[in-house]
There are 2 protein chains.
Amino acid sequence: MHSAKDPSTDIVDTVNTDFLRTLVGYNARRAALSIIEVFTECMAVHQLKIVEFSLLNLVAHNPGVTSRQVCNSLNILAPNLVNLVTLLEKRGLLVRRPHPFDGRAMGLYLSEEGQALNERAEQTVSALEIEATSSLTAAERKTLIRLLQKIYD
Amino acid sequence: MHSAKDPSTDIVDTVNTDFLRTLVGYNARRAALSIIEVFTECMAVHQLKIVEFSLLNLVAHNPGVTSRQVCNSLNILAPNLVNLVTLLEKRGLLVRRPHPFDGRAMGLYLSEEGQALNERAEQTVSALEIEATSSLTAAERKTLIRLLQKIYD
DNA sequence: TATTGTTATACTCTATAACTATA
DNA sequence: TATAGTTATAGAGTATAACAATA
């Protein structure tokens with residue numbers, strides 16, 4: 001290995017990334033980006049960004065969920081959620097309704113179109129999940145998810 | 001479950017994220033963000049962003065590596081690498097030197113200070129790696145990394 | 001003609017401060 | 001006094017197009 005004071009020149013044949021590859025964070029990020037790339041394309045068919053699908057899906061399974069609860073669940077900051085909700089509402093997929101007894105809060109609900117879209121998107125996502133992780137066996141996929149959840153739960 | 005045409009109001013006690021949690025991409029992203037948060041703090045001690053550490057570390061282990069090779073290895077776009085390299089060069093950590101026989105390319109090298117900083121940062125990172133994944137056994141960590149690499153390799 | 005590095009720039013994502021109305 | 005939702009805005013990260021020098 002040469003220092004800067006030793007002005008020789010080297011040619012790197014294949015790049016060595018051994019150290020970075022010993023890090024869970026590095027590998028998790030690389031894997032996430034790899035999968036997200038595939039998901040982004042396929043969600044575009046439904047005209048949904050990934051975060052929009054997450055929101056749609058969360059509301060589908062939690063009718064009446066508040067913005068604050070969505071923010072906590074998806075790790076989104078409140079100001080950044082507003083436009084997402086507004087956009088889905090304008091598309092007629094989602095509605096805001098006053099919370100039953102907390103005058104500050106709004107409950108989120110899907111319209112029938114929203115529910116229909118979510119069901120279609122869920123099917124796409126489930127199929128895609130298998131494809132995007134086709135290098136894993138079913139058992140490996142299960143193990144991987146369990147270990148990842150141990151980290152962030 | 002209520003539709004938008006059925007204007008009732010619901011209260012969500014605990015948010016159900018079961019569907020999203022069946023997805024490798026969702027879990028990988030959540031885990032990556034969780035770890036990156038810890039790493040960002042600890043790298044700040046060395047005044048390094050995570051991507052800057054990745055660059056420093058890659059050059060440390062691959063003296064003479066070209067910008068293009070770095071871009072391919074770290075999945076960075078060329079225009080976005082330029083400022084990173086320039087910044088580390090201004091800090092006296094890294095130097096650009098002409099490629100031995102390709103007049104277009106520049107080889108990247110670390111100065112002695114750059115090497116020293118990388119060694120200190122590697123120690124921090126290695127210690128941090130254990131801490132950030134303390135919920136995993138050594139065997140689980142090894143399995144997790146192997147499975148993640150199967151996805152993006 | 002294709003590639004490396006670069007510049008300029010646009011777009012998206014994320015983060016912060018401050019406001020309102022309600023609790 | 002604190003919280004939910006909102007607005008405006010700033011900052012970071014990521015992307016595309018075009019150029020000069022070299023292959």
Side-chain angles (χ1 to χ4, degrees), chain A residues 9 11-12 15 25 29-30 32-34 36-37 39-41 43-44 47-55 59 62 64-90 94-109, chain B residues 9 11-12 15 29-30 32-34 36-37 39-41 43-44 47-55 59 64-90 94-109:
Chain A
T9 53
I11 295 158
V12 174
V15 180
R29 179 153 189 277
R30 291 296 300 267
L33 289 176
S34 169
I36 285 171
E37 194 174 348
F39 267 62
T40 300
E41 289 177 36
M43 281 299 98
Q47 294 186 297
L48 288 172
K49 287 183 289 187
I50 290 184
V51 64
E52 289 173 333
F53 168 71
S54 300
L55 171 57
V59 177
N62 301 272
V65 70
T66 66
S67 293
R68 183 186 153 282
Q69 287 177 311
V70 171
C71 287
N72 289 341
S73 299
L74 296 182
N75 213 27
I76 299 175
L77 292 174
N80 299 328
L81 180 64
V82 178
N83 286 334
L84 292 174
V85 171
T86 303
L87 201 66
L88 292 190
E89 197 169 37
K90 279 181 183 166
L94 183 150
V95 291
R96 289 183 244 229
R97 235 181 273 146
H99 189 276
F101 57 79
D102 187 337
R104 299 168 301 182
M106 301 294 288
L108 304 180
Y109 300 83
Chain B
T9 53
I11 296 160
V12 174
V15 180
R29 180 153 188 277
R30 291 296 299 267
L33 289 176
S34 169
I36 285 170
E37 195 174 348
F39 267 62
T40 300
E41 290 177 35
M43 279 300 99
Q47 296 187 296
L48 287 173
K49 288 183 287 188
I50 290 184
V51 65
E52 288 172 335
F53 167 72
S54 300
L55 171 57
V59 178
V65 70
T66 67
S67 294
R68 183 186 154 282
Q69 287 178 311
V70 171
C71 286
N72 288 341
S73 300
L74 297 181
N75 215 27
I76 300 174
L77 291 174
N80 299 329
L81 180 64
V82 177
N83 287 335
L84 291 174
V85 171
T86 303
L87 201 65
L88 293 189
E89 196 170 36
K90 278 180 183 165
L94 183 150
V95 291
R96 288 184 244 229
R97 232 180 276 146
H99 189 276
F101 57 78
D102 188 336
R104 299 168 302 181
M106 300 293 289
L108 303 180
Y109 299 82

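Here is the naming used below: chain letters follow the sequence lines, and residue numbers restart at 1 for every chain.
- Atom C1' of nucleotide D:dA12 and atom CE of B:Met43 are separated by 19 Å, given to the nearest angstrom.
- Rounded to a whole Å, the CG atom of A:Leu87 is 15 Å from the C1' atom of C:dC13.
- In this structure, the side chain of A:Gln69 does not engage the main chain of B:Val15 through any donor-acceptor pair within 3.5 Å.
- Distance check, rounded to the nearest 0.5 Å: CE of A:Met106 to CZ of A:Arg97 gives 10.0 Å.
- The main-chain N or O of B:Arg96 is found under 3.5 Å from a side-chain atom of B:Glu89 such that the two form a donor-acceptor pair.
- In this structure, CZ on B:Arg29 lies 9.5 Å from CG on A:Leu74, to the nearest 0.5 angstrom.
- Between A:Glu89 atom CD and D:dT6 atom C1' the separation is 13 Å, expressed in whole Å.
- The interatomic distance linking B:Arg68 (CZ) with D:dA23 (C1') rounds to 13 Å, in whole Å.
- One atom, CE of B:Met106, and another, C1' of D:dA20, lie 15 Å apart when rounded to the nearest Å.
- For B:Ala78, counting side-chain heavy atoms from C-beta on, the closest listed nucleotide (C:dT6, D:dA15, C:dG5) is C:dT6.
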task = Spell out protein contact along nucleotides 18-23 of chain C as letters: B when the base is contacted, S when just the sugar-phosphate is, - when no protein heavy atom is under 4.0 Å; keep the 5' to 3' order.
result = ----BS
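- For the pair A:Asn83 CG and D:dG5 P, the interatomic distance rounds to 15 Å; values are reported in whole Å.
- Side-chain proximity of A:Leu77 to the nucleotides C:dA15, C:dT6, D:dT7 is greatest for C:dA15.
- Going from atom OG of B:Ser54 over to atom CG of B:Leu84 covers 10.0 Å, rounded to the nearest 0.5 Å.
- With rounding to the nearest 0.5 Å, the separation of CG in A:Leu55 from CD1 in A:Ile50 is 14.0 Å.
- For the pair A:Asn80 CG and C:dT16 C1', the computed distance is 10 Å after rounding to whole Å.
- For the pair B:Arg97 CZ and C:dG5 P, the computed distance is 15 Å after rounding to whole Å.
- For A:Lys49 and C:dC13, the shortest distance from a side-chain N or O to OP1 or OP2 is below 4.0 Å.
- Remark: A:Arg96 is in phosphate contact with D:dT6, judged by side-chain N or O atoms under 4.0 Å from OP1 or OP2.
- Note: A:Phe39 CZ to A:Phe53 CZ = 8.0 Å, rounded to the nearest 0.5 Å.
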